[in-house]
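Remarks on the structure that follows.
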Amino acid sequence: MTIRVVLADDQALLRGMIRLLIDNTPGMEVVGEAANGADAVALAREHRADVVLMDIRMPEVDGLEATRMLTSDEYLCDVKVLILTTFEVDEYVAEAIRAGASGFIGKGADPADLVGAIETVAAGESLLSTAATRALMERFRHLSEPIGNRRPEQMELLTPRERETLTLVARGLTNNEISARLQLSPHTVKTHVNRTMAKLGVSDRAQLVVIAYESGLVRPGQL
């Protein structure tokens with residue numbers, strides 16, 4: 001099955017380069033290009049896109065607002081948003097996650113990494129680049145006080161192992177790294193992560209990071 005991609009960026013040259021990459025990747029095709037967020041939403045609707053590769057800074061409607069428009073529209077609920085931007089800073093990362101983006105990757109990424117990111121979010125998984133993950137953690141690390149106790153009832157549903165896994169996810173470890181740390185198989189770690197997401201009512205690892213800090217499970221400065 002071909003992954004249908006909409007490119008949303010106000011730089012025509014960059015769109016052309018990315019389109020060349022995607023159209024020459026087996027199993028992918030660009031079905032539309034947009035220079036602003038409003039057009040990106042319209043093209044995603046028209047072509048039933050699987051993934052919108054979304055810049056943040058665009059005229060008229062920016063990428064964050066366009067992401068909110070996509071994720072709040074029931075007709076477009078299956079469209080995944082992969083944020084592609086130069087600005088991997090904490091306020092953008094956190095806001096992109098809250099808006100419902102499935103992934104966040106920098107414009108300096110290698111072509112193979114970009115293709116892999118598109119495949120990842122199209123498959124329904126989430127993805128944060130290393131820089132984006134660090135930026136998200138920095139946002140919480142520099143707070144002087146704990147944020148509070150978010151969703152205490154759901155947090156109490158977690159087993160000790162799930163809480164331990166959540167803590168390591170919040171510290172930026174991959175499943176393989178968690179597997180080595182806890183001496184568990186990668187499959188078992190993935191199961192713990194998936195069950196934790198289900199109990200907390202979230203759909204990706206990025207939201208787990210936010211909840212871990214907001215609930216006080218991981219404290220600012222505690223890495």
Side-chain angles (χ1 to χ4, degrees), residues 1-89 91-107 109 111-129 132 136 194 197-198 201-208 210:
M1 186 174 63
T2 300
I3 299 173
R4 301 180 301 276
V5 181
V6 167
L7 300 180
D9 195 293
D10 59 350
Q11 299 180 43
L13 179 59
L14 180 61
R15 291 201 311 270
M17 294 172 62
I18 295 175
R19 179 169 199 141
L20 186 63
L21 170 66
I22 293 175
D23 284 346
N24 281 281
T25 299
M28 289 187 188
E29 67 172 329
V30 173
V31 295
E33 296 183 30
N36 62 68
D39 288 346
V41 174
L43 286 170
R45 176 181 291 275
E46 178 183 351
H47 296 286
R48 296 298 297 165
D50 299 301
V51 176
V52 177
L53 195 57
M54 187 85 75
D55 187 23
I56 289 182
R57 291 188 173 181
M58 292 185 291
E60 299 177 31
V61 176
D62 67 20
L64 295 176
E65 180 58 30
T67 299
R68 295 186 193 96
M69 293 166 66
L70 286 167
T71 57
S72 63
D73 189 328
E74 291 186 4
Y75 183 76
L76 300 174
C77 62
D78 292 332
V79 179
K80 308 300 181 183
V81 177
L82 175 61
I83 300 292
L84 177 67
T85 183
T86 305
F87 306 100
E88 290 178 276
V89 293
E91 61 265 30
Y92 287 135
V93 176
E95 192 61 31
I97 292 168
R98 292 192 180 98
S102 297
F104 202 109
I105 191 168
K107 288 183 177 180
D113 291 337
L114 177 56
V115 169
I118 293 171
E119 292 173 337
T120 295
V121 299
E125 300 180 21
S126 64
L127 178 143
L128 284 178
S129 66
L136 182 61
N194 288 341
M197 288 194 292
V202 301
S203 58
D204 58 50
R205 295 172 75 91
Q207 293 172 337
L208 285 181
V210 173

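Heavy atoms only: backbone and side chains are in, while hydrogens, waters and symmetry mates are out.
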Is the backbone of R48 close enough, under 3.5 Å, to the side chain of R4 for a donor and an acceptor to pair up by distance?
yes

Is there a donor-acceptor contact under 3.5 Å from the side chain of D9 to the main chain of L14?
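Not at all, since once roles are kept as given, no pair shorter than 3.5 Å links the two residues.
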
Any idea which heavy atoms bring [X] and [Y] closest together, and the distance?
X    : Y    : value
A66  : V61  : N-CG1, 3.9 Å
V52  : A40  : CG1-CB, 4.4 Å
I3   : A122 : CD1-CB, 3.8 Å
L20  : N24  : O-ND2, 2.6 Å
A101 : I83  : CB-CG1, 3.8 Å

May I have the step-by-step check of side chain to side chain contact (heavy atoms under 4.5 Å, CB included) for L70 and M54, ending in yes or no?
CA-CA 11 Å; L70 286 167; M54 187 85 75; 3.8 Å; yes

Just do the salt bridge (Lys or Arg N to Asp or Glu O under 4.0 Å) check on D55 and K107 with the steps written out, would you?
CA-CA 9 Å; D55 187 23; K107 288 183 177 180; 3.5 Å; yes

Roughly how far, to the nearest 0.5 Å, is the CD atom of Q11 from the CZ atom of R57?
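Rounded to the nearest 0.5 Å, the CZ-CD separation comes out at 11.5 Å.
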
When rounded to the nearest 0.5 angstrom, what distance separates OG1 in T71 from CG in L76?
9.5 Å

May I have all residue pairs that pass salt bridge (Lys or Arg N to Asp or Glu O under 4.0 Å) and include part of residues 26-39, sequence neighbours excluded?
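Salt bridge (Lys or Arg N to Asp or Glu O under 4.0 Å) check on residues 26-39 returns R15-E33, R19-E33.
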
Pairs meeting criterion salt bridge (Lys or Arg N to Asp or Glu O under 4.0 Å) with involvement of residues 71-82, two or more places apart:
R45-D73

Close side-chain approach of P111 and L21, heavy atoms under 4.5 Å:
yes

Could you check V41, D50, L43 and say which one makes a side chain to side chain contact (heavy atoms under 4.5 Å, CB included) with V6?
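For V6, the side chain to side chain contact (heavy atoms under 4.5 Å, CB included) test succeeds with only one of V41, D50, L43, which is L43.
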
Is there a side chain to side chain contact (heavy atoms under 4.5 Å, CB included) between I18 and L114 once you walk through the steps?
CA-CA 9 Å; I18 295 175; L114 177 56; 4.3 Å; yes

Start with the C-alpha distance between I22 and L7, add both sets of side-chain angles, then the distance that settles side chain to side chain contact (heavy atoms under 4.5 Å, CB included), and finish with yes or no.
CA-CA 10 Å; I22 293 175; L7 300 180; 3.8 Å; yes

